[in-house]
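Here the structure comes first, spelled out in structure tokens, and everything after it is commentary.
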Amino acid sequence: MKQANPMLDKLQEILPAIRANANKAIELRKVPDENIKMLNDIGMNRAFLPKAYGGLEMSLPEFTDCIAALAGACCSTAWAYSLLCTHNHQMAMYNKKAQDEFWGENPDAVASSSIAPFGKHEETEGGIIFTGDMKWSSGVDHADWIIVGFLRPNESGEKVYSFAVIPRSEFSIIDDWFSVGMQGSGTKTARIEGVFVPEHRIQAAADMMEGRHAGRDLYPDSKIYHTPYRPYFACGFAAMSLGVAERMLEVYKELTKNRVRAYTGAAVRESIPPILRIAESYQQVAAARAYLEKTWQEHKEYGERHEYPTRYVLAHWRTNQAYAIKMCVEAVNRLWAVMGASNWYEDRESQRLWHESNMTAAHAYTDYDVCAQILGRELLGLEPDPSLL
């Protein structure tokens with residue numbers, strides 16, 4: 001039985017307008033400002049904002065249901081906006097000084113990110129000097145801050161994967177997002193040149209995964225912050241793939257209902273192959289939703305108990321979403337393969353959904369070849385391979 005989700009109810013009211021803007025997002029190569037305003041006006045940007053700053057501290061299942069619905073209207077908007085929202089969960093793990101800088105004057109502030117550790121730094125008194133062209137920063141045009149990844153040696157000389165938080169005034173945006181899909185996500189490069197980052201705006205990723213983060217004592221009653229950061233950061237990818245696949249089923253049904261063969265005039269929906277294809281795709285997508293909902297519910301329950309997952313559980317969480325995406329992409333591609341040449345026109349929703357679906361599987365975190373190795377090693381009792389993130 002579905003739980004009440006007031007945010008989803010509000011979202012449903014603006015989805016037609018966001019769907020109508022999908023082609024505009026492609027033309028702009030970023031999320032239209034009006035989409036951001038509509039989503040902010042219903043308070044969705046405060047989903048993971050601490051209640052102390054006026055936030056909602058929404059549960060993960062509620063949030064992912066919203067992202068799936070949003071992706072069905074415009075996956076580019078969902079991709080960028082989901083990440084802007086989930087970074088609030090990560091920021092809540094920083095210390096009070098960093099959070100006050102981030103939200104103190106503007107509770108609606110959000111961050112984009114570029115977390116692959118390509119940034120360079122120099123140690124200096126009180127922090128670091130950071131430099132880098134930080135690629136793949138979705139939604140950066142709408143961000144007030146950016147979270148960037150780098151490798152920082154500890155006292156033993158071991159390189160520790162870490163994050164630095166930098167305000168919008170201290171980086172520029174390189175307009176280089178020319179893609180064949182998800183154009184509206186605005187996944188551009190942030191150029192950071194010799195910026196000082198104070199120590200209080202730096203944290204090790206492992207500390208945010210294992211409960212040693214600086215903000216661990218700030219919200220003792222919270223049901224969402226006593227959790228690893230990464231499942232929250234990545235939750236939107238599978239939700240978006242699911243939402244796109246569910247929308248593709250609807251588009252395929254509508255298209256097939258009145259479609260006839262160009263040369264014979266035969267009704268397509270009465271032939272066996274379309275019947276078989278939609279049946280299998282429907283069941284695949286339904287299975288993906290059930291699998292994801294079970295996983296998201298586990299995230300929620302662990303967070304409510306303030307219990308951190310074992311390595312075995314975390315391996316499942318890490319890989320479940322990639323397998324669900326694999327199912328969703330297969331379901332979409334099965335339908336797309338027989339939708340006809342007219343659907344290759346640029347303005348067709350089916351063509352956009354096909355591109356978006358396949359791009360949800362292209363992120364480093366959703367690569368199933370990597371995920372299968374992670375889970376397989378865990379199931380066979382092998383030590384984790386450090387080359388697999």
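Here, residue 1 is the first one in the sequence, and each next residue gets the next number.
Residues that satisfy the side-chain contact (heavy atoms from CB on, under 4.5 Å) test with T256, not counting sequence neighbours, are Y252, V268, R269, P274. Partners of S172 under the side-chain contact (heavy atoms from CB on, under 4.5 Å) rule, at least two apart in sequence or in another chain, are R191. Every residue meeting the side-chain contact (heavy atoms from CB on, under 4.5 Å) condition with A234, not counting sequence neighbours, appears here in chain and number order: F237, Q321, Y365. The side-chain contact (heavy atoms from CB on, under 4.5 Å) test applied to A80 returns V31, not counting sequence neighbours.
Using a 30° and 60° split on the angle between ring planes, F150 and F130 fall in the perpendicular class, above 60°. Ring geometry for Y53 versus W103: interplanar angle of 30 to 60°, hence tilted. Taking the six-membered ring where tryptophan is involved, the planes of W145 and F102 are essentially parallel, since the angle between them stays under 30° and well short of 60°. Classification of the Y219-Y225 ring pair by plane angle, with boundaries at 30° and 60°, yields tilted.
Remark: side-chain polar atoms of S281 are not paired, donor with acceptor, to backbone N or O of I278 under 3.5 angstrom. When atom types are taken as modelled, the side chain of R277 and the backbone of L335 share no donor-acceptor pair closer than 3.5 angstrom. Side chain of H89 to main chain of I224: a donor-acceptor pair is present (N/O by atom type, distance under 3.5 Å, no hydrogens or angles). In this structure, the side chain of R29 does not engage the main chain of Q183 through any donor-acceptor pair within 3.5 Å. Without hydrogens or angle criteria, R377 side chain to I374 main chain gives no donor-acceptor distance under 3.5 Å. Side-chain atoms of Q351 come within 3.5 Å of backbone N or O of E346 as a donor-acceptor pair.
Using a 4.5 Å cut-off between side-chain heavy atoms of Ile, Leu, Val, Met, Phe, Trp and Tyr, with links allowed through other members, I174 and F118 fall into different hydrophobic clusters. Residues L218 and M209 share a single hydrophobic cluster, defined by chaining ILVMFWY side chains whose heavy atoms lie under 4.5 Å apart. Follow the hydrophobic side-chain contacts under 4.5 Å out from V197 and you reach V140 in the same cluster. When the side chains of ILVMFWY residues are joined at heavy-atom separations under 4.5 Å, either directly or via intervening members, Y368 and V329 end up in two distinct hydrophobic clusters. Side-chain heavy atoms closer than 4.5 Å link hydrophobic residues (I, L, V, M, F, W, Y) into clusters, and following such links, even through other members, never connects V370 to W136.
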task: Go through the steps to decide whether R311 and E383 satisfy the test salt bridge (charged side-chain N to carboxylate O under 4.0 Å, His left out), and finish with yes or no.
output: CA-CA 10 Å; R311 194 180 77 184; E383 287 299 309; 3.5 Å; yes
message: Quick one, Y94 with D100, criterion side chain to side chain donor-acceptor pair (under 3.5 Å). Give me CA distance, side-chain angles, the key distance, then yes/no.
response: CA-CA 10 Å; Y94 279 76; D100 282 346; over 6 Å; no
task: Just do the salt bridge (charged side-chain N to carboxylate O under 4.0 Å, His left out) check on K257 and E254 with the steps written out, would you?
output: CA-CA 5 Å; K257 191 178 296 181; E254 288 301 313; 3.2 Å; yes
query: So K37 and D41, salt bridge (charged side-chain N to carboxylate O under 4.0 Å, His left out) or not? Walk me through it.
result: CA-CA 6 Å; K37 184 178 187 305; D41 283 349; 2.8 Å; yes
message: The test is salt bridge (charged side-chain N to carboxylate O under 4.0 Å, His left out); show your working for K135 and D176 and say whether it passes.
response: CA-CA 9 Å; K135 297 181 70 67; D176 57 357; 3.6 Å; yes
message: For a side-chain contact (heavy atoms from CB on, under 4.5 Å) check, start with the C-alpha distance between I26 and R352, then their side-chain angles and the critical distance, and finish with the verdict.
response: CA-CA 10 Å; I26 291 172; R352 174 171 58 80; 3.8 Å; yes
query: Does the side chain to side chain donor-acceptor pair (under 3.5 Å) test come out yes or no for N358 and N333, once each step is laid out?
result: CA-CA 8 Å; N358 282 273; N333 288 346; 3.0 Å; yes
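For the side-chain contact (heavy atoms from CB on, under 4.5 Å) with Q297, the lone residue among E301, H299, E293 that qualifies is E301.
You'll find the ring centres of W296 and W317 outside the 6.0 Å limit.
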Anything under 3.5 Å between a donor and an acceptor, one on a side chain of residues 72-79, the other on a protein residue two or more places apart or in another chain? List them.
from: S76; atom 1: OG; to: G184; atom 2: N; distance (Å): 3.1
from: T77; atom 1: OG1; to: N35; atom 2: ND2; distance (Å): 3.1
from: W79; atom 1: NE1; to: S138; atom 2: OG; distance (Å): 3.1

Table please: side-chain donor-acceptor pairs of residues 162-171 below 3.5 Å, with sequence neighbours left out.
from: S162; atom 1: OG; to: V160; atom 2: O; distance (Å): 3.0
from: R168; atom 1: NH1; to: F171; atom 2: O; distance (Å): 2.5

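Considering all non-hydrogen atoms of both residues, M208 and M93 come closest at O-SD, 3.7 Å. Closest of all the heavy-atom pairs between M182 and S185 is O-OG, 2.9 Å. F196 and E125 make their closest contact through CE1-O, 3.7 Å (heavy atoms, listed as atom of the first residue, atom of the second, distance). Closest approach of M44 to C66, counting heavy atoms only: CE-CB, 3.7 Å.
A salt bridge between E101 and K97 is absent, with no side-chain N of the basic residue lying under 4.0 Å from a carboxylate O of the acidic one. With respect to R247 and E349, a salt bridge is recorded, a charged nitrogen being found less than 4.0 Å from a carboxylate O. Salt bridge status for E250 with K253: present, with a side-chain N to carboxylate O gap under 4.0 Å. For the pair R289 and D65, the salt-bridge criterion is met [side-chain N within less than 4.0 Å of a carboxylate O].
A cation-pi arrangement is present between R305 and Y302, with the terminal nitrogen or guanidinium carbon under 6.0 Å from the aromatic centre and inside a 45° cone about the axis.
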